[in-house]
Student: 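Handing you a structure now.
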2 protein chains.
Amino acid sequence: MTPAPKPPMRDTLVAAALQLFTEHGFEQTTVDDIVALAGVGRRSFFRYFPSKESVVFPDHEGCLRRMTEFLADPAGDAADPVDRVNDAARLVLRMYTGDPEFSVRRYELTRQVPALRAHELSVVRRYERTLANYLRARFAARADGRLRADVIAAAVVAAHNHALRTWLRSAASIDPEAEVDHALEYVTATWSDREDGEAADGTGPADDVVVMVARRGTPMWRVVQGVQGVLE
Amino acid sequence: MTPAPKPPMRDTLVAAALQLFTEHGFEQTTVDDIVALAGVGRRSFFRYFPSKESVVFPDHEGCLRRMTEFLADPAGDAADPVDRVNDAARLVLRMYTGDPEFSVRRYELTRQVPALRAHELSVVRRYERTLANYLRARFAARADGRLRADVIAAAVVAAHNHALRTWLRSAASIDPEAEVDHALEYVTATWSDREDGEAADGTGPADDVVVMVARRGTPMWRVVQGVQGVLE
DNA sequence: GCCCTCAGGGTACTCAGTTCCCGCCGAAAA
DNA sequence: TTTTCGGCGGGAACTGAGTACCCTGAGGGC
């Protein structure tokens, strides 16, 4: 019978802040303006948000927690580590697509306010470190495992954010899942240990033999391109 | 005949700030403390540094400018793009190795002060965007060129920073160049267009033909590993 | 002499973020 | 019903970063 099981004051503050930020700009809006519009005390703002910037990213704490729980689930230990990290990144995408209007407004705002970009960077960094720490554990036995983990985590985050921004720039009019899948495939194709044959779409027996002929000195990207062209 | 061609006040401020930060901590030190120790006015501090954090990274502006100039030099247009951004990243390494004591002190400081970590993030981000923009131009004609540029730039920065931090953690006692070369090779081997044969050590004619046999469904990293094993 | 420029200094202000304390309200105990 | 208690929300005052404005004084050209 409780229409608002979550405390509404937090949401009220977010709505008031976003409205004022988009109307008058981030720097021009003071915290006093926000709490005046929300009809609460100034003290309450900092009870819910540690800084003026964080009110623009109200759901990242929860998303980071979900990502940590997802990666800690032992049910995923059998999966390919890079696939696992990609799925973890998709949790972030889902948070954005869960409220497209808010996400697009936030994107426009963040794009033109340096303080918000800086705050977003530290948020993204925490995702990246979460992914990297997971990969470090999975690659512990591998040579250069920590380096590999850091590079792959950075690549996954970069690919995810590239696709996410493409979707946001389109005003949420394209298919975000397809965009992210395509971008993450760029990373997976190169770094994953996954056996693609198992999950293939059946356009050929899994044990076909493919022969790739290359001249010594051929750039690696061209080899990959050639093999991909044959395998797909 | 000028013993200090550069204004010494800037260096005085940096030295005073670093001393107070390491002695009493970053948050505990106020800008007034810094200018009092440096013997200058408070106003002068903000004439040289836009924020309290930026005094810890006094040389990044110049390094970013050098990187931009380096990438704008048309002499490099013939080189492989990934090699080019790797060399650009090495400019940053050289700035750190140019003053190892300062770099190690800054690393210790940054490691335990969230505000400094956030500021470093925005600095690193500018390097990454500079590299990505260069690669975007070089990959303009390629399919998914922008995605590729963003992912490679992120991977290069991650590899560089991984090696840099390894060196800093060692208290500058290991060979930083070798560490970075090794880390960047991780990225180059996968993404570069460079013709390895040309620069090979002559263990075979450049136009040997290599045959790589793979089963359909073989993971791409295993294909790359196999081809690399034959080509090297 | 005068005027112009400009690096540096000082003062006062805004506002984010913190600290401390108070009032309110609902629940449980007496 | 009254008392006590605990937690949420409010308010006042404080610290300190960053900014705006104006002053001074040293050079440098005329």
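Note on naming: letters A, B, ... go to the chains in the order of the sequence lines (proteins, then strands), and numbering restarts at 1 for each one.
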Student: Rounding to an integer number of Å, can you tell me how far B:F45 CZ sits from C:dG10 P?
Tutor: 16 Å
Student: C:dC13 P sits how many Å from A:D32 CG, rounded?
Tutor: 18 Å
Student: Do A:R90 and A:L184 have side chains that get closer than 4.5 Å, going by heavy atoms?
Tutor: yes
Student: Would you call A:L135 and A:V156 a side-chain contact if the rule is heavy atoms closer than 4.5 Å?
Tutor: no
Student: Taking atom C1' of D:dA17 as reference, at what distance in whole Å does atom CD of B:E27 sit?
Tutor: 13 Å
Student: Of the nucleotides C:dG17, D:dG18, C:dG8, which has the atom closest to the B:M9 side chain?
Tutor: C:dG8
Student: Could you tell me the separation between the CZ atom of A:F49 and the P atom of C:dA16, rounded to a whole number of Å?
Tutor: 15 Å
Student: Indicate yes or no: does A:D87 engage A:R84 in a salt bridge with an N to O separation below 4.0 Å.
Tutor: no
Student: Would you indicate which nucleotide in C:dG17, C:dA16, D:dA17 comes nearest to any side-chain atom of A:E53?
Tutor: C:dG17
Student: Classify B:T29 by what it touches in the nucleic acid, base, sugar-phosphate, or nothing, heavy-atom distance under 4.0 Å.
Tutor: sugar-phosphate
Student: What is the distance, to the nearest angstrom, from the NZ atom on A:K52 to the P atom on C:dG17?
Tutor: 8 Å
Student: What I want to check is whether an N or O donor and acceptor connect the side chain of A:R43 with the base of D:dG9 at under 3.5 Å.
Tutor: no
Student: If you check the B:R42 side chain, which of D:dC21, C:dA16, D:dA17 turns out closest?
Tutor: D:dA17
Student: Examine D:dG9: is either OP1 or OP2 under 4.0 Å from a nitrogen or oxygen in the side chain of A:Y48? Give yes or no.
Tutor: yes
Student: Using heavy-atom distances to pick each residue's nearest nucleotide on DNA chain C, tell me which of A:Q28 and A:F46 is more 5'.
Tutor: A:Q28
Student: Any chance the rings of A:Y127 and A:H60 have centres within less than 6.0 Å?
Tutor: yes
Student: For the residue pair B:R106 and B:Y96, would you count it as a cation-pi contact if the rule is NZ or CZ under 6.0 angstrom from the ring centre and within 45 degrees of the ring axis?
Tutor: yes
Student: Ignoring hydrogens and angles, does a donor from either the side chain of A:R47 or the base of D:dG9 sit under 3.5 Å from an acceptor on the other?
Tutor: yes
Student: Using whole Å, report how far NE2 of B:H24 lies from C1' of D:dG16.
Tutor: 18 Å
Student: Round to the nearest Å and state the distance from A:F26 atom CZ to C:dC15 atom P.
Tutor: 13 Å
Student: Calculate the interatomic distance between B:I34 atom CD1 and D:dG16 atom C1'; express it in whole Å.
Tutor: 12 Å
